[in-house]
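To start, the structure under review is shown below, and the notes come after it.
Positions are given from 1 along the sequence.
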Amino acid sequence: MPEDFALWVYLTQGPLLWLTVTLGAYAVADWLSLRAGRHPLVNPVLLSVVLVGGVLVASGTDYATYFTGAQFIHFLLGPATVALALPLWEHRALVAKSALPMLAALVAGSVVAAVSAVAVVWAFGAPEGVVVAIAPKSVTAGVAMSITEAQGGDPALTAVLVILTGIIGALVVTPLMNALGIRDYRARGFAVGLASHGIGTARAFQVDPVAGTFAGIAIGLNAVMTAVIVPVLLGMMR
């Protein structure tokens, strides 16, 4: 037993261990999602978070040690977002026809996402740091954290709120859209991409390629729009 523990301690100091744990957790989570017929409640990102979190708690590993190994995946967020241009190019004719409705949805969705989040936490008397951190919650993590940092907030808190927003959006988008009777995959995809960024977009691609394409467009446009809205909104409140 002491030798096994010593081996585990040695492995936890190597960055490749946590990269392997992260990839392994997602592989298991994705397999479970596939077995469940891609049911929205069996979300691979949510399951991965639970699995990796369980390993960290059980092993007594702090986040800084974990991130040393998993940061390569964090780096790939940028290339993965850029890669969304490929389905955009494949469906460019359909995208061009939908430009005007997308613009209207972008303005409405970006404003509502920021204003509603800020209004709720402000109404409950949350401190300014929380108000600043939650304002860009519907934007992809890298951009959201930059917006928060520029406004004097805590980027780490924003990262947590962004992930929670993405997971919730991915869980509810399919049943919600079905309940509302929205069948157009352009509208479904754009809505989830605008509200739930990358995690919601991953779910959209599982449902339909067109939905995934429009979700990817929404990620980029909402990032730009929110970067303009949030400073103005917070400036009005100060």
Do Leu51 and Tyr26 have side-chain heavy atoms sitting under 4.5 Å apart? no

Ion pair Asp30/Arg35, N-O distance below 4.0 Å: no

If I take atom CD1 from residue Ile134 and atom CG from residue Leu161, how far apart are they, to the nearest 0.5 angstrom? 5.5 Å

Could you tell me whether the side chain of Val192 reaches within less than 4.5 Å of the side chain of Thr201, counting heavy atoms only? no

Same cluster or not: Leu46 versus Val42, using hydrophobic residues (I, L, V, M, F, W, Y) connected whenever any side-chain heavy atoms lie under 4.5 Å apart? no

For the CZ atom on Arg183, are there more than 12 heavy atoms of other groups (residues, nucleotides or ligands in this structure) within a distance under 6.0 Å? yes

Ser98 side chain vs Leu94 backbone, donor-acceptor pair below 3.5 Å: yes

Taking side chain to side chain contact (heavy atoms under 4.5 Å, CB included) as the definition, give me every residue that meets it alongside Ala144, ordered by chain and number, with sequence neighbours left out. Pro136, Val139, Thr158, Val162

Do Val207 and Arg203 come within less than 4.5 Å of each other through their side chains, counting heavy atoms only? yes

Between CG on residue Asp154 and CE on residue Met145, distance to nearest 0.5 Å: 8.5 Å

Is there a path of hydrophobic side-chain contacts, each under 4.5 Å between heavy atoms of I/L/V/M/F/W/Y residues, joining Val55 to Phe67? yes

Report yes or no: do Trp122 and Ile229 belong to one cluster of Ile/Leu/Val/Met/Phe/Trp/Tyr joined by side chain heavy-atom distances under 4.5 Å? yes

State, with a plain yes or no, whether a side-chain heavy atom of Ser146 is found less than 4.5 Å away from one of Gln151. no

Of all heavy-atom pairs linking Val131 and Val118, the shortest is CG1-CG1, 3.7 Å

Tyr66 versus Val21: any side-chain heavy-atom pair under 4.5 Å? no

Between Thr140 and Ile219 the two heavy atoms that sit nearest each other are CB-CG2, 4.2 Å

If we only count heavy atoms from C-beta on, is the Asn43 to Ser33 side-chain gap below 4.5 Å? no

Would you say Thr22's side chain and Trp18's backbone share a donor-acceptor pair under 3.5 angstrom? yes

So, Arg186 and Thr213: side-chain donor and acceptor under 3.5 Å apart, yes or no? no

State, with a plain yes or no, whether a side-chain heavy atom of Phe214 is found less than 4.5 Å away from one of His91. no

Could you walk me through whether Thr226 and Val143 pass side chain to side chain contact (heavy atoms under 4.5 Å, CB included), step by step? CA-CA 9 Å; Thr226 303; Val143 177; over 6 Å; no

Ignoring hydrogens, what is the shortest heavy-atom contact between Ser196 and Ala170? Give both atom names and the distance. OG-N, 4.4 Å

Report the residues that fulfil side chain to side chain contact (heavy atoms under 4.5 Å, CB included) with Val160, sequence neighbours left out, ordered by chain and then residue number. Leu164

For residues Leu106 and Val210: do they belong to one hydrophobic cluster (side chain heavy atoms under 4.5 Å, members Ile, Leu, Val, Met, Phe, Trp, Tyr)? yes

Phe205 vs Pro87 side-chain heavy atoms within contact, under 4.5 Å: yes

Is it true that the side chains of Asn178 and Arg188 contain a donor and an acceptor less than 3.5 Å apart? yes

Between Ala227 and Ile147, which heavy-atom pair has the shortest distance, and what is it? CA-CD1, 3.7 Å

Taking Leu157 as the starting point, is it possible to reach Val230 by hopping between hydrophobic residues whose side chains are less than 4.5 Å apart? yes

Pairwise distance CG(Leu194) to OG(Ser138) - rounded to 0.5 angstrom: 7.0 Å

Shortest non-hydrogen contact from Ala29 to Ser48? CB-OG, 3.5 Å

Which heavy atom of Lys137 sits nearest to which heavy atom of Ala117, and what is that distance? CE-CB, 3.4 Å

List for me each residue that meets salt bridge (Lys or Arg N to Asp or Glu O under 4.0 Å) alongside Arg92, sequence neighbours excluded, and say none if there are none. none

Kindly compute the distance separating CD (Gln206) from OG1 (Thr174), expressed to the nearest 0.5 Å. 9.0 Å

